[in-house]
Amino acid sequence: MKWVVLIAFVMIIGSLGSALFFMIRDKGQTGNTFKFLALRVGFSILLFALILISYKMGWIETTGIPVR
């Protein structure tokens with residue numbers, strides 16, 4: 001499960017970097033910046049859902065840090 005989360009984080013950061021690259025290169029004139037930012041949002045939502053489902057299925061557990 002750690003590898004899945006790590007790969008998802010790398011994909012999110014890569015998508016954000018691609019959006020920055022196209023924003024600088026195209027100055028936002030093409031739809032590439034929007035496409036990669038939308039992809040980043042999609043990856044973030046997918047990661048959140050995956051973590052939530054994994055917790056409900058018992059694949060991951062809490063660390064035992066008390067919440068006040």
Side-chain angles (χ1 to χ4, degrees):
M1 195 65 206
K2 289 180 185 179
W3 287 105
V4 173
V5 172
L6 181 66
I7 290 169
F9 274 130
V10 169
M11 290 172 59
I12 290 168
I13 298 298
S15 178
L16 190 60
S18 297
L20 177 65
F21 172 76
F22 282 112
M23 186 174 68
I24 291 172
R25 193 181 101 193
D26 302 354
K27 299 197 178 13
Q29 299 299 320
T30 63
N32 290 333
T33 303
F34 175 73
K35 180 174 66 173
F36 282 106
L37 286 176
L39 196 60
R40 183 194 64 88
V41 170
F43 285 145
S44 298
I45 291 171
L46 185 66
L47 178 62
F48 180 75
L50 180 69
I51 291 172
L52 191 64
I53 291 169
S54 297
Y55 177 72
K56 293 291 183 185
M57 298 290 287
W59 297 338
I60 58 175
E61 298 176 356
T62 60
T63 58
I65 298 173
V67 178
R68 296 180 192 206

### Query
Quick one: do Leu37 and Leu46 end up in the same hydrophobic cluster if we chain Ile, Leu, Val, Met, Phe, Trp and Tyr together by side-chain heavy atoms under 4.5 Å apart?
no

#### Entry: Smallest separation among heavy atoms of Phe43 and Ile12, with atom names
CB-CG1, 3.5 Å

### Query
Should Phe22 and Leu39 be regarded as members of a common hydrophobic cluster, given that ILVMFWY residues are connected when their side-chain heavy atoms come within less than 4.5 Å of each other, either directly or indirectly?
yes

## Note on the structure
Here the pair of heavy atoms bringing Ala8 nearest to Leu47 is CB-CD1, 3.6 Å

### Task
Over all heavy atoms of both residues, which pair between Thr33 and Met23 is shortest? Give the atoms and the distance, please.
OG1-N, 3.3 Å

### Summary
To the nearest 0.5 Å, atom OG of Ser18 lies from atom CZ of Arg40 at 12.5 Å

### Summary
Closest non-hydrogen atoms of Asp26 and Asn32, given as atom of the first, atom of the second and distance, are OD2-ND2, 3.7 Å

### Heavy-atom pair of closest approach, residues Tyr55 and Thr62
CE1-CG2, 3.6 Å

### Message
So does Met11 get a backbone contact from the side chain of Ser15, meaning a donor-acceptor N/O pair under 3.5 Å?
### Response
no

### Message
Membership question, hydrophobic clusters at under 4.5 Å side-chain separation (ILVMFWY): are Phe48 and Ile51 in the same one?
### Response
no

### Query
Linking I/L/V/M/F/W/Y whenever their side-chain heavy atoms sit closer than 4.5 Å, directly or via other members, would Phe21 and Leu16 fall into one cluster?
no

### Query
Looking at CD1 of Ile53 and CH2 of Trp59, how far apart are the two atoms once the value is rounded to the nearest 0.5 Å?
8.0 Å

